[in-house]
Amino acid sequence: MKPQIPTPTPFANWPDTLIDPARFRDEQTRLARIWTFLGFTHDVAKDGDWFRATIATRSVFVQRLGEELRGFENRCAHRSFPLRNADKGNGPIVCGFHHWRYDKNGEVVEVPQCALFGPSPGELAARLNPIEIDTCGSLIFGRFAPPGSGPSLRLYLGESFDILAAISATSVAPRFVTRSVEANWRLCFHANVEDYHGPIIHARTLGKSGYPRPERTHYFRFGWHSAFFANPDPDGLTRMAAECRNGTWRSANYRVFQIFPDLTVSHVRVHWENWFVVVVQYAPVSPSRSVMRAWYYRAPFPPRVPPPWYDRLTRPLTNLVRRLVMPYLVRMVLDEDNFVCERQQSIAQQLSPAPILGALEERLAWYEEAYAEAMRAS
Ligand code: FES
Ligand SMILES: [Fe+2]
């Protein structure tokens, strides 16, 4: 085990953005330019399908319009009424307030009683604020940035791109759970990006097997992101990416990817050789509130270890049990973390900007270095 690691001292904006609305707004303005996970392509499979999401607290929506996916800020150009007022749906872009209608480019094409405004909708030149969107497998990301500014999504995700593309290639729509968390989004992410709390906080669930053993695990850092593999292979990330690219990767070992700013993708064995993928996001709402959004689905790879005969034989029954139990299990594990974050938020003004970090919290230090860089860069 390596000794204590240097803490990025002090953590940038810590704890200011957890308590001060102005500092929080400034932070979010900078984060809006960074690729942020929005949702799955499964929710926009058919022409006209749309779903709502947020980028750095700003409401946005993604919509399939013919062959293309488009994204816009969820705000009418007329008087800023939200165009989408549910989590998902299907239909044209028509504002519910005065029925302005928009085309796939976000340009207004119909205005009731248009003469009140001018000769034609075209001359009004009113349009929605577009967001740049791109996909990695079935994961949709977006950002408020003019196309071509900043890295492409592929470049941003680096070595994880091919892994995330493969790991999200599920033929079945992911199941979804959500809840409001009374804690800052970054506190929530901190609980996801270190391995020191498992045996204490997840004593009944994920942490049953004790602390991770360094000789059996490996950490990876790529760009602003990191990963933990329950496998000591120092080339594990490169190897997994190559095998995902050529379709030969098989489910083995607990693995978790943390993608800056707020996405965690875990590959976890739930029972015998039944592997699942759990995708978790803590979307910022205010300095002291976040929305947890979590999706889960069966991992889209055969297991590396062939399932034992009793696993194969009982699957019709155990699949049913897992289907019923999984939402409770996912909620239970995440609520164990949420409980910690809410307690920390309750004394947010007293949080030290210079925590003491150990080797199992190394990725938290990396994360904070990325955060500081993101605040400087934008
Ligand atoms: S606010 Fe949307 S049409 Fe008036
Ligand atoms: Fe945790």
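Every number for a ligand or one of its atoms is a count from 1 in the order of the listing.
Checked by atom type and distance alone, the side chain of Tyr297 never pairs as donor or acceptor with a backbone atom of Ser171 at under 3.5 Å. Proximity of a side-chain donor or acceptor of Asp16 to a complementary backbone N or O of Asn13 within less than 3.5 Å is not detected. The backbone N or O of Arg269 sits nowhere less than 3.5 Å from a side-chain atom of Asn274 that would complete a donor-acceptor pair.
With Asp233 as reference, Arg239 is the one residue of Arg216, Arg239, Arg255 to meet the salt bridge (Lys or Arg N to Asp or Glu O under 4.0 Å) rule.
For ligand 1, the atoms lying closer than 4.0 Å to a non-hydrogen atom of Trp100 are 3 (S). Remark: ligand 1 atoms within the under-4.0 Å shell around heavy atoms of Phe81 are 1 (S). Close contacts of ligand 1 with Cys95, meaning ligand atoms under 4.0 Å from a residue heavy atom, involve 1 (S), 2 (Fe), 3 (S).
In this pair, Tyr367 and Trp185 present their aromatic rings perpendicular. The plane angle is above 60°, beyond the 30 to 60° band. Ring geometry, Phe37 versus Phe40: the interplanar angle exceeds 60°, so the pair is classed perpendicular (tilted spans 30 to 60°).
Minimum-distance N/O/S atom of His197 relative to the Fe ion (ligand 2): NE2. Nearest N/O/S atom of His98 relative to atom 4 (Fe) of ligand 1: this is ND1. Within His202, NE2 is the N, O or S atom that lies nearest to the Fe ion (ligand 2).
At a threshold of 2.8 Å, atom 2 (Fe) of ligand 1 has a backbone or side-chain N, O or S atom of Cys76 nearer than that distance. When distances to the Fe ion (ligand 2) are checked against a cut-off of 2.8 Å, Asp337 contributes an N, O or S atom below that limit. Here His78 reaches atom 4 (Fe) of ligand 1: one of its N/O/S atoms is less than 2.8 Å from the metal.
Side-chain heavy atoms closer than 4.5 Å link hydrophobic residues (I, L, V, M, F, W, Y) into clusters, and following such links, even through other members, never connects Phe72 to Val60.
In this structure, the protein non-hydrogen atom closest to atom 1 (S) of ligand 1 is Arg79 N, 3.3 Å.
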